[in-house]
Peer 1: 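Structure incoming, see below.
Below, chain A is the first sequence line, B the second, and so on; all start at residue 1.
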Amino acid sequence: MSFGKGCHLHLIDGSAFIFRAYHALPPLTRKSDGAPIGAVSGFCNMLHRYVEGNTGPDAPTHVAVIFDKGSHTFRNDLYDLYKANREAMPEDLRPQMPLTREATKAFNIACEEIEGYEADDIIATLSCQAREAGGRVTIISSDKDLMQLVGDGVEMLDAMKNIRIGVEGVEAKFGVGPDRVVDVQALAGDSVDNVPGAPGIGIKTAALLINEFGDLETLLDRAEEIKQPKRRQTLIEKREQIELSKKLVTLDCNTPLDFTLDDLEVKDPDPDVLLPFLAKMEFRSLTKRIADRLGAEAPEIDDTPQPGAEAPEEAAPDAPPIDPDKYETVTDAEALAGWIDRIRERGYVAVDTETTGLDEMVVDLVGICLCVDAGTACYIPLAHKAEGESGGLFGNDDLAPGQMPLAEALDLLKPVLEDDSILKIGQNMKYDAKILRRYGIRVAPFDDTMLISYALHAGLHGHGMDALSDRYLGHTPIPIKEIIGTGKSQITFDRVPIDKATRYAAEDADITLRLWQTLKPRLHREQVTTVYETLERPLSPVLATMEMHGIQVDRDTLSRMSNAFSQKMAQLESEIHELAGESFNVGSPKQLGEILFDKMGLEGGKKGKTGAYATGADILEDLATEHDLPARVLDWRQLSKLKSTYTDALQEHINPETGRVHTSYVQTGANTGRLASTDPNLQNIPVRSEEGRRIREAFVAPEGKVLVSLDYSQIELRILAHVAGIEALKQAFHEGQDIHAATASEVFGVPLDEMTPEIRRQAKAINFGVIYGISGFGLARNLRIPRGEAQGFIDRYFEKFPGIREYMDQTTAFAKENLFVQTLFGRKIHTPEIAAKGPRAGFAKRAAINAPIQGTAADIIRRAMIRMPEALAKMPDSAAVKMLLQVHDELIFEVTTEAADDLVGVARGVMEKAADPAVKLDVPLVVDAGQGANWAEAH
DNA sequence: CCTGTCACG
DNA sequence: GACGTACGTGACAGGG
């Protein structure tokens, strides 16, 4: 049928469909190969629903889905900043774009796009043509940029809200009719598309002006007549900018098309095309639903995981060998500009910074290396010192010649490092990002080879550059020790001669780029793209911010405690020596063992592999029932530990500039997905003993602020209840019961109102034991009861909760089959030792049982941390709210006293909903909160 | 550098 | 039948 009077054309804004689908759905992946597929799934559902709804007299006779093609359009030629503030397309969306086109065609709907034009222009052109031919048009979109087309038989339809937008709708939105919409837009501008408009004039004022003067041209010509001085001045001064804005917002009704309206006739979908496509996408329910609808048989869906099925491009096998002699030293702006051109051409660059040390909060930047292609790397020295003796009165602290000024280099590099369209690649990018943040540069977007390796291979090997280079490139990088030396004669990197520095530093960037080329494509094949993109990469900048905040620590409190501990230790030491009858080093397990078991002849002396007696706390505790000496040693050891590890060592970590302690989180430190904290470790500050807990009093909030602590209640047991599907436990959590008491009641048959602390304690030990992969021996040792009795507890536990044993068996079977286990969020933890024979198999089995539980909990708090900055930013006075620390199931914040309660509400909301929407837990997550002037009070 | 010990979740 | 066992970390001190 030829398009004409009585025809009804539907034009669907394809991009709007895609983005709506992408953002509405969790990041689904195709089961067989892990390809991201969420947006395609949503898109197909929307198309299906659209087709379903097209019945009755108002049904279209012609239809097309219109897409954008390419990012450069004629508008960019008019104004190079047009849409310049658009965020880059998410990486897991890009590969789905062609599939949405394929999907449209599979539904037998015309699918149109034209290079150099936006979808809006095609829609405008088709609308004009249809109108001229005497037909009606419905534009399925809610984009206000299309509202200028409304009228004369053209309507818009907001498919989400199911609202039709006619001339009245446009007038309600813009205050003028469709024919004057572009005039209003030209004045008001558009922050989304980066259309400048007239500063200070919004839609309301624009409509007022246009209605007064009739149209934009008249308004601009008669601007002198405007009474408000500011407005008048703007319109006169910014005339050019306003006219440009009008060109940008005006849609082109004369887009050259390579098809006609007649080509868009509505056709029924062909089951032989549509169903195989849906099956290929592995959309089970949609395939079935549509097959039923079409009266066809649903094809088989083969979604068995196919490792390597995709086989994306590997690192170029013809990459040149790694050769440190080939690297360039960049010494001036001209050379650097050349490298920046190369980076812009490439779209990505490996970056590495060289500094004077390892503490990112203290060290200075010495140089930057860049690599754009395997073998093509440079080093930009920026702060190398001239040769000669360092420091001192007569030392030479002058800069070495042949370096461009640091500020000049950073000015040139900043736009590149912050450019949305250029991917920055690093190995442990958090380090470089922290250094560069101190110089006012925020690196984004980025990839991190260390995090990629961790997402791929946690549990298989380390993720440091040396290990990765050895393993994947067969190359051992130049050891830093060869450059800066070791021990007393070690120098800082700024004392390294520049030629030598270039060889070392540029090689790191070269290796990083090659590792990225090798490892990045494997994310898909291993089906851990989502893990990397949602749990690893976005966490890194959050950790960087927390580390840079640091937490205030009061030196005087620590120092007073140190003195008190010293006195008490000296007293204990003399008592111990008196009891022993001789003087010895209490801190030496070897000497202590000899005193206890040889000299005093106590029972229970067991020698370890080194031939020394074991003198651990458990052994001393047994001995302490009979003798004073081991009891005193236990007290001495506790104080010694507190003093050396905490009250003394922590003082050394107070940053003199900030007065705060800045830990470092190692994102790849624990195989399960937990973080590790180092320099200092702030995840093991004492809490269990009264004396130890007082150390937390030294962690304080500044004047006018408080520390707030929020922690997940029993998160691992909740996850166990969920993954093992234990109804009784789930119910106990839903009812907010004391879970250990509930377990005791169930296992030991004691009614809750007759519960004793002792029985509850035993049940608690069993609950923890289960999470760790329980054994009779382990539980017996923990509870200090005979092994047979402990085994009896376990047997009864499994009798009551058979699902737990099933979970354990399934998990170990899965681990044996696959050599890895997984968290609910898809994180893989490799367990190669599960195949081992002997005692190591036991270790591996328990680790395999524990890892999904510990790892899922770790994933959940990571998700909360990643979402936290945005949630906090919405609070009033958000600049005064800081997330400072993470301790596995706890987050510590600093906030003004007045805002503390608000913060608890906001942060608790984020934490309790952190699993959503990716995982629907059968148990609620509960977060407890506390606040106070110091960490002891807040916890 | 390794081992034992002990701090945390 | 024997063996060795709770899971995950990091820091410090002693001793070779």
Peer 1: May I ask you to say what A/Ile774 touches in the nucleic acid, namely base, sugar-phosphate or nothing, with a heavy-atom cut-off under 4.0 Å?
Peer 2: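 If one applies the 4.0 Å heavy-atom cut-off, A/Ile774 turns out to touch a base.
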Peer 1: Only Watson-Crick and G-U wobble pairs with both distances less than 3.5 Å should count. Give DNA chain C in dot-bracket notation, marking inter-strand partners with |.
Peer 2: ......|||||||||.
Peer 1: Among all residues two or more places apart in sequence or in another chain, which pass the salt bridge (charged side-chain N to carboxylate O under 4.0 Å, His left out) test with A/Lys816?
Peer 2: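 So A/Lys816 forms no salt bridge (charged side-chain N to carboxylate O under 4.0 Å, His left out) with any residue.
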Peer 1: Which part of the nucleic acid, if any, lies within contact of A/Asn782, taking any heavy atom under 4.0 Å across all strands shown: a base, the sugar-phosphate backbone alone, or nothing?
Peer 2: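 Counting heavy atoms under 4.0 Å across all strands, the contact made by A/Asn782 includes a base.
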Peer 1: Check this one for me: any side-chain N or O of A/Arg846 less than 4.0 Å away from OP1 or OP2 of C/dA6?
Peer 2: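 For A/Arg846, the contact criterion (side-chain N or O under 4.0 Å from OP1 or OP2 of C/dA6) is not met.
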Peer 1: Within the sub-3.5 Å range, which N or O atoms of nucleotides 1-3 of chain C have a protein N or O partner, and how far apart are they?
Peer 2:
none

Peer 1: Holding to salt bridge (charged side-chain N to carboxylate O under 4.0 Å, His left out), I want the full list of residues that pass it with A/Arg760, two or more places apart in sequence or in another chain.
Peer 2: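 Salt bridge (charged side-chain N to carboxylate O under 4.0 Å, His left out) list for A/Arg760, sorted by chain: A/Asp738.
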Peer 1: P atom, C/dT5 versus B/dT3: distance in rounded Å?
Peer 2: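 Approximately 14 Å lies between the P atom of C/dT5 and that of B/dT3.
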Peer 1: Looking only at atom C1', what distance separates C/dC3 and B/dT5, rounded to whole Å?
Peer 2: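 Roughly 24 Å separates the two C1' atoms.
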Peer 1: Across nucleotides 10-16 of chain C, 5' to 3', mark each nucleotide with B, S or - according to how protein heavy atoms within less than 4.0 Å reach it.
Peer 2: BBSSSS-
Peer 1: Give a yes/no answer on whether the side chain of A/Arg688 brings an N or O atom under 4.0 Å of OP1 or OP2 in B/dA7.
Peer 2: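 Result: no.
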Peer 1: Regarding C/dG4, can its base be found pairing with the side chain of A/Arg781 as donor and acceptor, where the two atoms are less than 3.5 Å apart?
Peer 2: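 Between C/dG4 and A/Arg781, which were checked side chain against base, a qualifying N/O pair under 3.5 Å is absent.
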Peer 1: May I ask you to list the residues of residues 847-857 of chain A, by number, that have any heavy atom positioned under 4.0 Å from an atom of DNA chain C?
Peer 2: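 DNA chain C contact set from residues 847-857 of chain A: A/Ala847, A/Asn850, A/Gln854.
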Peer 1: Establish, with yes or no, whether the OP1 or OP2 oxygen of B/dC6 is under 4.0 angstrom from a side-chain nitrogen or oxygen of A/Arg637.
Peer 2: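 So the side-chain polar atoms of A/Arg637 do come within 4.0 Å of the phosphate oxygens OP1 or OP2 of B/dC6, strictly under.
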